Amino acid sequence: MENETTETSTSGCGSLILEMGALSRLTGNPRYESAALRALRKLWSMRSSLNLFGTTLDVITGEWIEHSSGIGAGVDSFYEYLFKAHIVFGKEEFWKMFHSAYVAVQKYFRHGPWYHEADMRTGKATYWQLTSLQAFWPGLQVLVGDVAAANSSHREFFYVWKKFGVLPERYLLDHQMLHPTEKYYPLRPELAESTFYLYQATKDPWYIEVGESIVNSLNLYTKVEGGFASIRDVTTMQLEDHQHSFFLAETCKYLYLLFDDSFLVNQNYIFTTEGHPLPVLSAWHERLPEAYISTNWTFVKKQKHVRLASAMSMQVCPANTLNTGEYGSQHIESACHVADARNDHRCLSDEDCGVDSTNCRRRSCSIAGYCGLWLFI
């Protein structure tokens with residue numbers, strides 16, 4: 001349109017495939033999915049050599065505008081849709097994209113339970129801050145199977161929630177203080193969303209208590225005669241005369257499902273980034289070539305075949321040994337594992353060290369120059 005900005009975000013142009021793909025399946029017209037897929041593939045081609053993405057780009061020139069990014073605002077749903085598209089449509093291409101991107105996030109953004117921002121070109125940290133939109137990440141990790149890492153990050157987000165009564169928009173991790181201008185809470189759903197996923201995965205009643213705490217805070221601080229109001233300043237709990245649509249579409253929905261998940265019983269759904277359920281249907285999955293259909297397979301009689309499995313295909317984290325089923329006692333490497341830069345584990349700085357496969361913790365460089373899980377006192 002005339003006078004329209006040519007700047008868009010990674011999440012803006014990379015989070016179309018679920019809705020457009022579903023529309024193509026429902027109408028029989030492939031044009032919608034094709035357009036979204038074209039945008040997604042173009043965006044993927046713009047990744048750096050580290051498999052990282054920037055936050056904003058120019059849709060006319062195809063050049064990055066903001067090279068610093070993380071898992072929060074401007075990028076969040078891009079990662080979410082790569083994996084969810086693989087679940088809904090069964091396309092291996094989406095899985096390969098997500099796998100590469102997820103490993104890069106763990107290597108360059110993660111610091112213990114927190115995720116900072118980094119330059120997509122160098123991987124060097126740029127901003128050490130928590131943003132409320134990052135709270136969706138534990139929910140995505142639950143879908144991947146990285147439950148231990150999801151629980152670790154979720155507890156830190158809830159700690160900040162308890163500290164202020166709600167989750168502020170931006171919190172400076174390096175100074176342990178609120179961002180001076182972004183102290184608001186617009187009724188965002190991401191913490192409730194991750195709480196719902198973690199409870200579904202673990203059935204740990206602690207997550208019910210977290211949900212109860214969120215509901216109590218919303219009723220105590222944000223409930224007004226006409227609905228629920230956004231908070232302008234979490235230090236004073238001053239309200240704004242505004243209620244975003246995502247409060248009903250997501251925040252209330254995830255909290256409701258946390259306490260009553262009967263809607264989900266014996267059914268498979270994937271929620272879009274705006275909290276709308278899409279069914280997981282075999283009819284929507286990509287058809288395998290005829291050669292892959294089981295009736296065409298041949299087997300060697302009386303010979304037990306051991307299927308090989310990888311960390312990500314088995315969705316196991318932390319690393320453990322599966323002693324039952326067709327995998328026998330095969331050791332499955334953790335989904336969150338990132339190898340050290342050098343095979344001999346020597347290092348010059350923490351950047352040369354990866355993520356440990358046994359507990360999903362970031363390894364650090366010792367004074368002697370070796371990567372490991374060192375305890376600093």
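These figures come from a predicted structure and were not determined experimentally.
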Answer yes when Lys183 and Asp233 have at least one side-chain N-carboxylate O distance shorter than 4.0 Å, and no when they do not.
-> yes

Mind running side-chain hydrogen bond (donor to acceptor under 3.5 Å, both in side chains) on Thr126 and Glu117 for me, showing each step along the way?
-> CA-CA 6 Å; Thr126 52; Glu117 295 183 21; 4.6 Å; no

Side chain proximity check, Tyr127 to His116, heavy atoms < 4.5 angstrom = no

Ring center gap for Trp161 and Tyr171 short of 6.0 angstrom | no

Nearest heavy atoms of Lys253 and Pro277, plus distance in Å | NZ-CD, 4.3 Å

Could you check if a side-chain atom of Leu187 sits within less than 4.5 angstrom of a side-chain atom of Gln243, using non-hydrogen atoms only?
-> yes

Do Tyr207 and Glu209 have side-chain N/O donor and acceptor atoms under 3.5 Å apart?
-> no

For residues Ser15 and Ser77, is any side-chain donor paired with an opposing acceptor at under 3.5 Å?
-> yes

Pair Asp76-Gln134, side-chain donor/acceptor within less than 3.5 Å | no

Looking at side-chain heavy atoms only, is the closest gap between Val105 and Ile71 below 4.5 Å?
-> yes

Run the ring-centre check on Tyr81 versus Phe94 and record whether the distance is less than 6.0 Å.
-> no

Between Asp119 and His67, is any side-chain donor less than 3.5 angstrom from a side-chain acceptor?
-> no

Mind checking whether Leu26 and Tyr32 have side chains closer than 4.5 Å, heavy atoms only?
-> no

Partner residues of Phe78 under the ring-ring contact (aromatic ring centres under 6.0 Å, His included) criterion, sequence neighbours left out | Phe53

How about Tyr108 and Lys124: does a side-chain donor come under 3.5 Å of a side-chain acceptor?
-> no

Within a strict 4.5 Å, meaning less than it, do heavy atoms of the Phe259 and Tyr199 side chains meet?
-> no

Do NZ/NE/NH1/NH2 and the carboxylate oxygens of Asp241 and Arg232 come within less than 4.0 Å?
-> no

Quick one: list whatever passes disulfide bond (SG atoms under 2.5 Å apart) with Cys347, sequence neighbours left out.
-> Cys365

Out of curiosity, Leu16 CG to Leu23 CG, how far, rounded to the nearest 0.5 Å?
-> 12.0 Å

Using the ring of Trp206 (Phe, Tyr or Trp, six-membered ring only), decide whether Arg155 places NZ or CZ under 6.0 Å from its centre and within 45 degrees of its axis.
-> yes

Using atom types as modelled and distance alone, determine if a side-chain donor or acceptor of Thr56 lies under 3.5 Å from a backbone N or O of Ile65.
-> no

Would you please test His242 and His244 for side chain to side chain contact (heavy atoms under 4.5 Å, CB included) and show each step?
-> CA-CA 7 Å; His242 188 77; His244 286 280; 3.3 Å; yes

Are any of the side-chain heavy atoms of Lys162 and Ser213 separated by less than 4.5 Å?
-> yes

Close side-chain approach of Pro168 to Tyr185, heavy-atom, < 4.5 Å = no

So do the side chains of Leu57 and Cys13 get within less than 4.5 Å of each other, counting heavy atoms only?
-> yes

Is any side-chain N of the basic residue among Lys84 and Glu80 closer than 4.0 Å to the acidic one's carboxylate O?
-> yes

Is a donor on one side and an acceptor on the other found under 3.5 Å between the side chain of Arg346 and the backbone of Leu348?
-> no

Verdict with supporting geometry, Thr6 and Asp58, side-chain hydrogen bond (donor to acceptor under 3.5 Å, both in side chains) = CA-CA 5 Å; Thr6 60; Asp58 191 301; 2.9 Å; yes

Indicate whether any N or O donor in one side chain lies under 3.5 Å from an N or O acceptor in the other, for Thr181 and His179.
-> yes

Given Phe98 and Tyr79, is the ring-ring contact (aromatic ring centres under 6.0 Å, His included) satisfied, shown in steps?
-> CA-CA 7 Å; Phe98 176 78; Tyr79 293 112; 7.7 Å; no

If you measure from the Lys or Arg side-chain nitrogens to the Asp or Glu carboxylate oxygens, is any gap between Glu250 and Arg188 under 4.0 Å?
-> no

Stepwise salt bridge (Lys or Arg N to Asp or Glu O under 4.0 Å) test for Glu33 and Arg25 | CA-CA 9 Å; Glu33 183 176 4; Arg25 298 301 195 281; 2.3 Å; yes

Trace of the ring-ring contact (aromatic ring centres under 6.0 Å, His included) decision for Trp137 with His154 = CA-CA 9 Å; Trp137 188 255; His154 177 271; over 10 Å; no

Applying ring-ring contact (aromatic ring centres under 6.0 Å, His included), name anything that partners His86, two or more places apart in sequence or on another chain.
-> Trp95

State yes or no: are the ring centers of Phe109 and Tyr115 separated by less than 6.0 Å?
-> no

Pair Asp146, Tyr102: side-chain N/O donor-acceptor within cut-off below 3.5 Å | yes

Should the pair Arg342-Asp352 be classified as a salt bridge under the 4.0 Å nitrogen-to-oxygen rule?
-> no

